[in-house]
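Before any comments, here is the structure.
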Amino acid sequence: MNKTLLTCAAALCMFAAPVSTAMAHENPFLKPYSTKYEIPPFAEIQTGDFIPAIKAGIEEQKQNLFAITANRATPDFDNTILPLENLSPILERVAGVFYHYDGAMSTPEFAEMAEKAIPLLNEANNAINLDEALFARIKQVYENRDKLKMTPVQKRLTEKYYRQFAEQGAALPADKKKELVRVNDELSKLFIQYNKNLLAATNAFYITVYDKEDLAGLPESSIGQAAEEAKKRGLDGMWVFTLHAPSRLPVLSSADSRGLREAMYKGYTSLAYNGENSNLPVIEKIIKLRAEKARIMGFDNFAQMMTSRVMAQTPENAENLLLQVFEPAVERSREEVADMQAYVDANGGGFKIAPWDYYYYQEKVKKQKFDLEESDVRPYFSLENVLNGLFTAAERLWGIKMVEMPDAPKYMDEVTVYDVQDAKTGEHISVFMTDYFPRDTKRQGAWMEQMQSGGLYGDGTTKRPIVYNVGNFTRPTADAPALLTLDEVETTFHEFGHALQAMLSRAPYKSLFGTNVDRDYVEMCSQMNEHWAFSPELLKTYAKHYKTGEVIPDSLIEKLNAASKFNQGFSTTELTGAALLDLNWGKHNGENVDVVAFEKEIGDKIGMPAEITYRYRSPYFKHIFGDDGYASGYYTYLWAQVLEADAWELFEQKGIFDKKTAASFKKNIFEPGDTEDANVLFVRFRGHKPDAKALLRLRGFAK
């Protein structure tokens with residue numbers, strides 16, 4: 001979730017390194033921002049500023065690290081742990097913008113610079129994580145935590161630092177540390193190459209349609225977008241479709257041309273498989289290095305190492321949960337395929353359902369069963385309306401309002417910046433930015449991050465966070481605003497759920513703030529927020545036809561809710577299949593890696609239906625090969641859904657806008673961050689331990 005320079009937090013320090021006056025004046029990263037709420041002054045930032053700032057931050061970090069380790073006073077919270085929270089303000093500022101641009105503004109010039117910058121950032125990490133004198137002080141504070149005068153939260157922060165330093169290899173002997181540094185350095189370079197290949201392969205693929213008859217079935221908004229894309233490429237009078245979701249998904253779900261659907265499906269599922277942008281050799285090296293890293297750290301395999309750090313504890317526990325969900329999901333998907341095949345046969349199709357038919361014929365069956373097509377409801381979900389609903393729910397549930405800041409710094413015109421305020425007092429809670437449309441410099445998908453964490457800073461002040469949501473949603477056309485698909489509406493609410501966890505946190509320290517929680521707990525809030533998106537009570541406040549202003553009729557709301565559990569077999573199977581693939585990659589011994597053969601082997605072993613593939617195949621499974629963030633941890637979406645499903649049942653019992661229930665969720669889930677164990681916080685809200693059957697009930701697989 002949160003890319004940070006240091007083990008626990010993006011660093012800040014109490015001691016400033018000397019920097020020349022001219023340099024500080026020219027490079028915006030080298031001094032505190034003077035903007036409101038310290039929003040980065042994007043207009044002043046140039047690509048050439050990043051590496052000098054990173055180098056200056058590394059020097060600053062060295063000085064402040066020395067100040068900690070050279071201190072002759074007995075190690076305690078104030079002279080060891082607290083300075084670690086605040087180690088380099090320069091690195092924190094530059095990293096906040098760097099990692100955001102790396103995902104959302106990766107121009108060729110930036111990408112070239114990033115290849116040089118990331119090894120420097122890794123060097124900064126290693127200098128801290130593998131410092132023996134520093135770890136000795138942390139260990140001493142940790143071992144004496146019950147004797148020293150510390151609050152429970154300070155003890156938890158100390159324990160977190162000790163655990164994370166140990167997990168990063170601080171306790172290893174010198175020769176093992178050297179091996180670990182080498183492996184980490186090689187992995188970081190491979191992650192850069194993987195992401196570079198994926199972006200290039202995505203941008204390289206497109207389908208040109210010459211005959212308008214081949215566009216039959218596609219919504220006008222999709223056709224309009226394709227015409228604009230063609231014009232941009234100098235192909236006036238034609239239509240161009242790309243692999244970006246707003247272009248790809250309408251083709252798969254709506255195009256009557258089976259050939260067009262097949263071309264799009266095969267283009268996507270073979271993404272970064274072949275040619276100069278192939279990620280197959282990159283993955284082979286990553287798997288070997290991860291297996292080596294696990295052995296250096298004393299584990300049998302990478303999955304064992306990664307799951308030991310979170311709620312699951314072991315790969316077996318994670319896999320057990322996945323199989324509990326996967327088997328009924330596959331069973332349901334067989335029923336869905338049978339319904340689609342019956343439709344094909346009844347309409348003289350004369351072919352067997354293939355993977356590129358799934359999206360298309362699920363829409364046909366949905367229409368048949370529920371008299372509902374996405375084209376019926378999409379006009380009610382303009383982006384502006386969806387955001388109105390999102391913010392209305394946030395104010396009713398959590399007591400916050402979003403006030404647009406039109407004069408705030410932006411890194412591009414399409415960004416919108418909000419001052420998040422307490423709805424009653426006007427107190428500033430957070431800055432929130434949105435960036436929702438695809439472009440060539442942005443990676444696929446949707447995500448939440450923060451440029452500035454909340455918590456205690458080195459100057460003694462407590463700052464509030466700067467949070468952002470990024471997406472790749474359907475763009476507006478000349479004739480219509482951005483009309484979101486149902487999936488895009490859900491994604492908007494999902495990513496805002498992550499943002500809420502960051503914005504509403506009241507944890508006192510950055511390393512415990514907001515989304516800095518166990519990976520298999522962090523998805524709970526995002527998935528929880530999805531539930532309000534299509535609730536009838538909220539729909540009536542925001543779902544309005546973009547032409548007439550008509551509120552979505554009750555008949556459509558009823559159809560939406562009747563169809564809410566439709567196609568859960570497919571969506572759950574592809575998600576769970578990807579999570580099982582990820583865990584099995586983590587258990588690979590690193591020898592004789594054959595990506596294509598391994599994917600097939602795992603698919604055969606778990607019983608993946610022929611009509612469904614993994615949600616992400618390995619060469620474009622950025623969650624697990626673009627960095628280590630979700631590696632051997634993609635299962636956490638399902639793990640967190642158990643928590644989310646159980647929590648949502650309480651809202652359903654009490655009322656989805658029940659003030660008491662919302663106040664309890666805010667107090668026990670949003671605000672604490674990682675100040676207490678996630679299991680304790682959940683039980684405090686729900687009144688009992690998580691019930692795994694709640695997920696099966698939510699998916700419609702059990703009653």
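This structure is a prediction, so every number in the text was calculated from the model and none was measured. All residue numbers in this chain count up from 1 along the given sequence.
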Q: Write down the atom of Tyr411, the atom of Val415, and the distance for their closest heavy-atom approach.
A: CZ-CG2, 3.4 Å
Q) Can you tell me how far NZ of Lys364 sits from OG of Ser254, rounded to the nearest 0.5 angstrom? A) 8.0 Å
(Q) Within this structure, what is the OG1-CE distance for the pair Thr515 and Met448, rounded to the nearest 0.5 Å? (A) 4.5 Å
(Q) Whether the Lys196 and Asn277 side chains hold a donor-acceptor pair (N or O, under 3.5 Å, no angle test) is what I'd like checked. (A) no
**Q.** Donor-acceptor side-chain pairing of Glu523 and Tyr630 below 3.5 angstrom
**A.** yes
Strictly distance-based, threshold 3.5 Å: is any side-chain N or O of [X] a donor or acceptor partner for the main-chain N or O of [Y]?
{"X": "Glu495", "Y": "Thr491", "result": "no"}
{"X": "Asn122", "Y": "Asp185", "result": "no"}
{"X": "Gln225", "Y": "Thr474", "result": "no"}
{"X": "Asn347", "Y": "Gly349", "result": "no"}

Carboxylate-amine/guanidinium proximity below 4.0 Å for [X] and [Y]:
{"X": "Lys293", "Y": "Glu179", "result": "no"}
{"X": "Glu186", "Y": "Arg182", "result": "yes"}
{"X": "Asp435", "Y": "Arg439", "result": "yes"}

Under 6.0 Å from the six-membered ring centre of [Y] and within 45° of its axis: does the NZ or CZ of [X] meet both?
{"X": "Arg248", "Y": "Tyr268", "answer": "yes"}
{"X": "Arg261", "Y": "Tyr359", "answer": "no"}
{"X": "Arg233", "Y": "Tyr206", "answer": "yes"}

Q. Does CG belonging to Asn592 count more than 12 external heavy atoms closer than 6.0 Å?
A. no
Q) Got more than 12 heavy atoms from elsewhere within 6.0 Å of NZ, Lys442? A) yes
Q.
salt bridge (charged side-chain N to carboxylate O under 4.0 Å, His left out) for Glu228 and Arg475? Distances and angles first, verdict last.
A. CA-CA 11 Å; Glu228 290 181 9; Arg475 280 187 173 277; over 6 Å; no
